[in-house]
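To keep things clear, I will list the structure first and then write my remarks on it.
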Amino acid sequence: MARQIGLSVERLEDPALLRGQMKYLDDLELPGQLHVAFLRSEHAHARITRLDVTRARALPGVHAVITMEDMERALGRVRMPLSASPTKATAAITPYILSGTEVAFVGEAIAMAIAGSRHIAEDAVDLMEIEYAPLPVIMSAKDAVPDTAPRVRTEASSNVFNRMHVNYGDIDAAFADAPHVFQEDMLQHRGCGHPMETRGVIAEPRMDGTMNVWSSTQMPHDIHQGILEVLGLEDDALRVITPEVGGGFGPKYCAYPEELAIPAAARMLGRTLKWVEDRREHCLTAVQERDQFWSLEIAVEADGRIRGLRGSLIHDQGAYALKAVNLPYNSATAVPGPYMVPALDMRVIITFTNKVPASSVRGAGYPQAAFAMERLMDLVAQRLGLDRAEVRRRNLVPPEKMPYTKPLKARSGAPVTYDSGDYIASQKEALEAAGWDGFADRQLEARKQGRYIGIGLANAVKGTGRGPFESGTVRVNPSGQVSIFTGAAAMGQGIKTTLAQICAEQLGLTADKVTVICGDTVAAPLGLGGFASRQLVTAGNTVLLAATEVAQKAKKLASHMLEADIEDLELLDGKVRVKGSDVSVTLAELARVLRGSPGYAFPPGLDPSLQSDAKWQTEALTYSNTTHVAEVEVDVDLAQVKILRYIALQDVGVRVNPMIVEGQIRGGIAHGIGNALFEQMIYDDEGQPLTTTFADYLLPTAPELPRFETLYRDTPSPINPLGAKGVGEVGTIPVTAAIISAIEDALAPFDIRIQQTPVLPETLFHLISTARARGLPRP
Amino acid sequence: MAMADLDIHEPGDLAEAFCLLRAPDGAARPMGGGTALMLMMKAQLFKPSALVSLAKVDPRFHGVELSADGASFSIGAMTTFAELEHHADLCARLPVIAQTMVTLANPRVRNVATIGGNLAHADPHLDLPPVWASLDAEVSVIGPQGERRFPVIELFAGYYETTLQPGELIMRLHAPVQQGWRRRYVKVTTRSAHDWPAIGIAIGLKMQGARCEDLRLILSAATDRPTRLVAAEAVVRGQAITDDLLAAAGKAAASEVHIETDSRGSSDYKAHLLSVHLKRALHDLCE
Ligand SMILES: Cc1cc2nc3c(=O)[nH]c(=O)nc-3n(C[C@H](O)[C@H](O)[C@H](O)COP(=O)(O)OP(=O)(O)OC[C@H]3O[C@@H](n4cnc5c(N)ncnc54)[C@H](O)[C@@H]3O)c2cc1C
């Protein structure tokens with residue numbers, strides 16, 4: 001069997017990308033398509049007192065204007081279903097397909113104009129006459145909590161959406177006679193996902209009553225279910241296709257009102273409709289992670305070992321929930337991270353605010369958990385006069401305790417079990433690469449020259465490969481080319497190449513002989529899609545199983561045809577061959593035989609098609625772990641941070657394609673750097689978003705990024721046949737914690753503590769000025 | 001984002017251009033490279049019904065010439081940034097222009113944006129206007145009423161506002177080449193490198209031994225137009241350069257202008273950045 005797993009084969013996706021031949025949603029032009037533009041709320045909270053679309057309807061070139069009333073008449077409902085949830089929404093929490101009476105965030109869709117061109121559709125939107133009666137606006141999750149607070153939506157009985165209590169162990173005992181207790185409040189902000197390609201939808205109603213929908217999404221099967229429910233279609237009457245997707249990062253994990261409004265309108269009109277979100281719309285309407293207010297207390301022994309952790313977390317959900325709200329649960333349960341925490345007590349409050357709904361962005365609440373925990377580790381070290389790395393080492397789950405089960409439950413109900421990895425060795429290796437031990441001397445030397453350099457570290461674990469399954473069919477075609485059909489979603493991350501490699505290795509081929517078809521509910525009727533760093537683990541193992549079965553079947557047939565014993569056969573170069581001879585038969589030939597010929601029987605024990613269908617299932621997550629070390633320099637006169645070095649060690653199990661893994665890690669770190677130093681979605685007090693262009697919402701670009709020094713430990717996951725762990729989000733998780741720890745270390749002479757993300761220069765300027773006013777740094 | 005229908009004209013002489021531009025309410029706009037216009041039109045900030053390209057109106061809108069005595073450059077308003085950036089004579093004699101171009105937009109924008117459009121746009125965040133001002137450059141403008149010439153710093157009247165009269169066009173820019181001056185443009189971004197500057201400082205410095213003979217300090221981005229820092233200049237002019245003097249100059253600069261708070265920093269922070277950068281840049285230029 002020729003090795004394919006572990007090779008950095010060139011990505012199958014790239015030739016089309018490099019030639020500009022990749023087809024994204026906006027590249028699709030369907031015959032007779034009309035274009036859609038949305039009237040969106042200009043207020044963060046208001047009653048709609050008048051909406052007159054007469055002039056818009058009269059504009060030449062406009063085919064229709066659709067309002068909530070029209071929607072309700074056609075669909076018999078106005079609200080979105082709660083997608084990807086095992087239960088239906090019981091309370092009024094989902095957005096409206098179109099809003100007609102009250103709006104609860106700027107950008108909420110109110111009406112749609114449908115015209116022969118996008119230009120005319122937008123002009124029609126300008127002609128819609130709308131009047132609002134403003135209602136009180138709640139912008140901070142903290143302000144939303146008191147019962148006396150005005151409601152975010154007048155229909156809601158409370159602004160508090162949910163309260164959760166995550167706890168285990170005897171928390172009171174842990175704190176009662178603890179030698180030390182330390183407390184910290186933190187405000188964590190995470191902005192938007194900002195895939196390069198924004199969202200977009202095309203809906204094509206067909207003469208026979210069926211419909212095709214294209215959407216730039218991570219979740220075609222979810223969208224499929226949502227449209228079926230709302231339009232009352234039968235399963236086979238709808239096909240959802242995702243063309244090439246130019247990045248997901250979380251915002252495309254949700255099903256949005258536009259994804260239902262456009263198919264619904266297409267059906268009303270019997271016309272193909274197309275809508276591509278512009279960047280401003282994306283800033284207004286795509287989910288963000290937003291704000292979490294943390295308040296934590298940690299009880300430790302005299303030597304820094306953790307006794308218990310307790311606190312609260314207020315999560316800003318925005319105006320509605322697009323799907324079951326898991327993000328704050330992720331944060332609360334992930335706080336202990338790679339450490340042994342004997343008792344935990346976290347109270348979570350999720351509140352509505354007058355902002356666009358929140359949901360996950362790469363990392364999905366884990367970066368906040370890591371930041372909270374790592375800040376506490378630094379605090380313990382500082383107060384006890386211990387080295388920051390040493391405090392961590394004393395608390396890390398040691399390798400001899402693996403697999404390590406926490407008294408916590410994952411969403412599946414299965415216990416949280418860290419399956420593998422040597423966290424202590426990981427930290428040690430990363431610190432050595434970073435020169436941690438010699439750093440204090442370098443720091444002193446630098447300070448003598450007036451330079452403030454600092455080093456910081458952060459550990460994290462990430463549960464990856466969320467189940468319960470992913471689908472996959474492997475089929476050898478009569479040409480010898482192999483096709484994979486899977487419910488996994490390709491969104492630019494290279495999953496097609498990786499799955500092709502796994503399949504090719506089983507079939508004695510190279511990856512380029514495998515074509516992967518993703519994102520088509522007809523090609524793969526069952527599937528979950530792309531989120532939670534899950535697809536390599538779930539789809540990868542499915543493809544491994546299916547391809548192994550296909551290989552077996554090929555050998556079985558070949559043993560008949562070649563009159564050889566199965567044990568003597570091997571798959572190599574597209575053939576099944578008798579080992580050590582040149583007697584062979586090609587996979588192509590075998591596939592042709594198994595397609596059948598009229599009237600001729602198959603060899604005994606063989607059924608049609610050289611194909612296999614698998615659905616590898618899992619309840620457990622497999623945990624990747626990581627240690628990052630950042631070295632920064634702070635120009636204390638300008639309050640500017642420069643990242644000098646960035647060392648990132650990951651243990652992501654078997655790396656099927658190391659080059660793709662490296663790309664994911666670097667991208668993940670860049671994302672984290674954005675969260676640490678640049679990205680902030682800002683609203684004014686009235687709920688108007690102020691950062692709706694890339695000139696205002698700053699993403700990190702090449703000049704801001706250091707050279708990444710990446711290291712890997714490849715501990716195979718013991719809980720799946722491939723030994724794989726997820727990688728997509730792993731790089732992001734410890735970044736804010738590592739960088740801010742480094743900034744704080746650089747500014748040690750100023751005695752500054754940083755309790756927030758992001759840290760913009762302005763914030764540092766005030767911290768430094770305040771310290772200077774206190775006479776720091778002392779000469 | 002859609003743009004309204006519009007006509008694009010390319011008149012072959014000035015008379016025709018003036019005629020086309022006479023449309024009421026600024027409905028017709030002159031166009032240089034169109035880079036600023038397109039952004040503002042897409043953002044629906046204005047919706048002209050016609051654009052009047054200046055590409056062919058008059059040969060005087062084109063060309064970069066060094067005067068026979070080498071004392072000054074004369075630059076046509078339609079000269080692109082890229083032409084200046086790669087102009088050997090200009091790079092040799094006014095290297096501050098090429099230095100400024102390195103962090104100005106990107107090659108695609110520099111290939112089409114014009115010197116005239118850049119001045120007329122009058123966005124206080126632009127990098128070149130303070131540099132021209134620090135060179136004591138002048139502009140020639142031409143309108144239906146004739147031609148006039150005045151210092152470039154007098155062109156700017158506020159945010160996106162100039163002192164151009166209706167129908168007037170920027171035709172040429174005149175930049176003296178003074179011997180013995182050291183120059184630098186400091187673009188201060190507080191966030192990522194592609195951010196608009198929080199402040200810009202264009203500096204010209206002429207030394208005589210350890211003493212500053214003369215200098216120009218122009219602040220941009222933090223104020224509504226490029227602003228000469230008269231008080232800071234006065235602190236330094238004629239003095240021997242010392243750390244204390246530079247600190248005093250920084251302080252003077254920070255207190256002589258009114259700086260607005262915006263997303264790139266509070267007025268306090270920007271004033272602080274101004275004093276630190278001014279001090280550092282003058283220090284470097286003295287080396
Ligand atoms: C992506 C991008 C990045 C940028 N980054 C930077 C940057 O880093 N630093 C920076 O300084 N700038 C930057 N800019 C702005 C850029 O400098 C301006 O857009 C450009 O200088 C405008 O020149 P133009 O010839 O394209 O003007 P146009 O868009 O043609 O015109 C601008 C204005 O001037 C008027 N006008 C044009 N020519 C004349 C004339 N001869 N007489 C009278 N009025 C005239 C027009 O009617 C219009 O009002 C950036 C722009 C873009 C698009």
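So you know, we letter chains A, B, ... as the sequences are listed, proteins then strands, and number each from 1.
Remark: B:Arg280 engages A:Asp637 in a salt bridge, criterion side-chain N to carboxylate O under 4.0 Å.
Neither the backbone nor the side chain of A:Ala37 has a heavy atom closer than 4.5 Å to any heavy atom of chain B. Heavy atoms of A:Leu699 lying under 4.5 Å from chain B belong exclusively to its backbone. Both the backbone and the side chain of A:Pro761 come within contact range of chain B, with heavy atoms under 4.5 Å apart. Neither the backbone nor the side chain of B:Thr103 comes within contact range of chain A; no heavy atom of the residue lies under 4.5 Å from a heavy atom of that chain.
Counting all heavy atoms, side chain and backbone alike, B:Trp196 lies closest to A:Ala695 at NE1-CB, 4.2 Å. The minimum heavy-atom distance linking A:Asp126 with B:Lys47 is given by the pair OD2-NZ, 4.1 Å.
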*Chi angles and distances behind the side chain to side chain donor-acceptor pair (under 3.5 Å) call for A:Glu762, B:Ser266*: CA-CA 7 Å; A:Glu762 179 82 38; B:Ser266 62; 2.5 Å; yes

*Quick one: do B:Leu273 and A:Phe765 satisfy side-chain contact (heavy atoms from CB on, under 4.5 Å)? Show the steps, please.*
CA-CA 10 Å; B:Leu273 289 176; A:Phe765 169 67; over 6 Å; no

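The local environment of NE2 in A:His766 is crowded, with over 12 non-hydrogen atoms from other residues, nucleotides or ligands closer than 6.0 Å. Residue-environment remark: CD (A:Glu129) exceeds the threshold of 12 foreign heavy atoms within 6.0 Å. Within a 6.0 Å radius of CG in B:Asn106, other residues, nucleotides and ligands contribute more than 12 heavy atoms.
Here the CG-OG1 distance, from A:Leu698 to B:Thr190, works out to 8.0 Å after rounding to the nearest 0.5 Å. To the nearest 0.5 Å, atom CG of residue A:Asp696 and atom OG of residue B:Ser263 are 5.5 Å apart. Put simply, CZ on B:Arg191 and CG on A:Leu677 are 12.5 Å apart, with the number rounded to the nearest 0.5 Å.
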